[in-house]
*Asks:* 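This is the structure, below, for whatever I ask next.
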Amino acid sequence: MSTPVREERDYYERIYTASEQVPRGQVATYGDIAAIVGDGCDARIVGHALGALGARSATVPWQRIINRTGGISTSGHGQRELLVEEGVAFDERGHVRMDAHHWPGPSEEWARAHGFQSLPKRPGSAPDPQLRLF
DNA sequence: TGAGTGACCGGGG
DNA sequence: ACCCCGGCCACTC
């Protein structure tokens, strides 16, 4: 019998590919990335994968992956500054304004074409049909 | 072996 | 929003 056991490392490349889809100025949670990767991936594996980026941190926008509360889980890497630099707003408590910056996930088309999952719709935050720019 | 820890999450109160 | 708890997986005493 074959062993269906999957090592954490087996998820890494897909985690990096999924993370690369998060646009500048938006953020995703560790759980979001895990759900997009699917196939048993979980949020902690995503954290481990990003922690193991090394030189690839230059091409994977790891700073856009944060925890579910909108908080920064890293320290000493300037993650917050990088996000501020790309226009992400924080509240007084130091959390990202998720209602304004939470990435809705990849398009159905992209996900299907590349073997990833798309995220379920979040009823709470509508894609701002009533957000007026002035 | 078992407890603790980590770039975590969801549910319930 | 908070805290608590269980689940998650790999690693380290």
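As the structure is a prediction and not an experimental result, all values here were calculated from the model. The sequence lines fix the lettering, A, B, ..., with proteins before strands; numbering per chain opens at 1.
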*Asks:* Excluding sequence neighbours, so at least two apart, what forms ring pair (Phe, Tyr, Trp, His ring centres under 6.0 Å) with H114(A)?
*Replies:*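 Result, ring pair (Phe, Tyr, Trp, His ring centres under 6.0 Å) vs H114(A): W110(A).
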*Asks:* Pairs under 3.5 angstrom, nitrogen or oxygen only, protein versus nucleotides 11-13 of chain B, please.
*Replies:*
none

*Asks:* Can you list every salt bridge (charged side-chain N to carboxylate O under 4.0 Å, His left out) pair that touches residues 23-48 of chain A, not counting sequence neighbours?
*Replies:*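 The answer is R6(A)-D39(A).
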*Asks:* Once side-chain hydrogen bond (donor to acceptor under 3.5 Å, both in side chains) is applied, do any residues pair with E108(A), and if so which ones, sequence neighbours excluded?
*Replies:*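 Listed in chain order: S118(A).
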*Asks:* From OH of Y12(A) over to C1' of dA10(C), roughly how many Å is that when rounded to an integer?
*Replies:*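 So the two atoms are 9 Å apart, to the nearest Å.
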*Asks:* Please list, chain by chain and in numerical order, all residues satisfying side-chain contact (heavy atoms from CB on, under 4.5 Å) with E109(A), sequence neighbours excluded.
*Replies:*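 Partners of E109(A) under the side-chain contact (heavy atoms from CB on, under 4.5 Å) test: S107(A), R112(A).
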*Asks:* Can you list every salt bridge (charged side-chain N to carboxylate O under 4.0 Å, His left out) pair that touches residues 59-72 of chain A, not counting sequence neighbours?
*Replies:*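 Listed once each, the pairs are R64(A)-E86(A).
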*Asks:* Below 4.0 angstrom, which residues in residues 38-56 of chain A have at least one non-hydrogen atom near DNA chain C?
*Replies:*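 Correct list: D42(A), R44(A).
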*Asks:* What pairs of residues pass the salt bridge (charged side-chain N to carboxylate O under 4.0 Å, His left out) test when at least one of them lies in residues 51-60 of chain A, not counting sequence neighbours?
*Replies:*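 Sorted result for residues 51-60 of chain A: empty, none.
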*Asks:* Determine whether I72(A) and H95(A) make a side-chain contact, defined as any pair of heavy atoms from C-beta on separated by less than 4.5 Å.
*Replies:*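 No, side chains not in contact.
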*Asks:* Rounded to whole Å, please give me the gap between CZ in R122(A) and P in dG10(B).
*Replies:*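 Going from CZ in R122(A) over to P in dG10(B) covers 11 Å.
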*Asks:* Between T29(A) and dC9(B), is there a side-chain N or O to OP1/OP2 distance below 4.0 Å?
*Replies:*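 It does, given that an N or O in the side chain of T29(A) lies less than 4.0 Å from OP1 or OP2 of dC9(B).
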*Asks:* Check ring pair (Phe, Tyr, Trp, His ring centres under 6.0 Å) between Y16(A) and all other residues, then give those that pass, not counting sequence neighbours.
*Replies:*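 For Y16(A), no residue satisfies ring pair (Phe, Tyr, Trp, His ring centres under 6.0 Å) once neighbours in sequence are set aside.
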*Asks:* Rounding to a whole Å, what distance do you find between Q63(A):CD and dA7(B):P?
*Replies:*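 Nearest whole value for this atom pair: 18 Å.
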*Asks:* Does NZ or CZ of R14(A) lie under 6.0 Å from the centre of the six-membered ring of F116(A), at an angle within 45° of the ring axis?
*Replies:*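 Satisfied, under 6.0 Å and within 45°.
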*Asks:* Once you round it to whole Å, what is the distance between C1' of dC8(C) and CD of E7(A)?
*Replies:*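 Taking CD of E7(A) and C1' of dC8(C), I get 16 Å after rounding.
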*Asks:* Take the protein atom CD of Q79(A) and the nucleotide atom C1' of dC8(B), then report the distance between them rounded to whole Å.
*Replies:*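 Computing the Q79(A):CD to dC8(B):C1' distance gives 14 Å.
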*Asks:* C1' atom, dG6(B) versus dC2(C): distance in rounded Å?
*Replies:*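 These two C1' atoms come out 22 Å apart once rounded.
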*Asks:* For E20(A), check salt bridge (charged side-chain N to carboxylate O under 4.0 Å, His left out) against everything at least two apart and list the hits.
*Replies:*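 Applying salt bridge (charged side-chain N to carboxylate O under 4.0 Å, His left out) to E20(A) gives none.
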*Asks:* Please give the distance between the C1' atoms of dA7(B) and dA1(C) as a whole number of Å.
*Replies:*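 Comparing C1' positions in dA7(B) and dA1(C) gives a spacing of 23 Å.
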*Asks:* Any side-chain N or O of S75(A) less than 4.0 Å from the OP1 or OP2 oxygen of dA7(B)?
*Replies:*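 False: S75(A) side-chain N/O out of range (4.0 Å or more) of dA7(B) OP1/OP2.
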*Asks:* Could you list by number each residue of residues 85-96 of chain A showing a heavy-atom separation from DNA chain C of less than 4.0 Å, or answer none if no residue does?
*Replies:*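 Those residues are R93(A).
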*Asks:* Just how far, in rounded Å, is C1' of dC9(C) from CD1 of I33(A)?
*Replies:*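 Whole-Å distance recorded here is 18 Å.
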*Asks:* Which residues pass the side-chain contact (heavy atoms from CB on, under 4.5 Å) test with E8(A), not counting sequence neighbours?
*Replies:*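 E8(A): side-chain contact (heavy atoms from CB on, under 4.5 Å) contacts with Y12(A), I45(A), H48(A).
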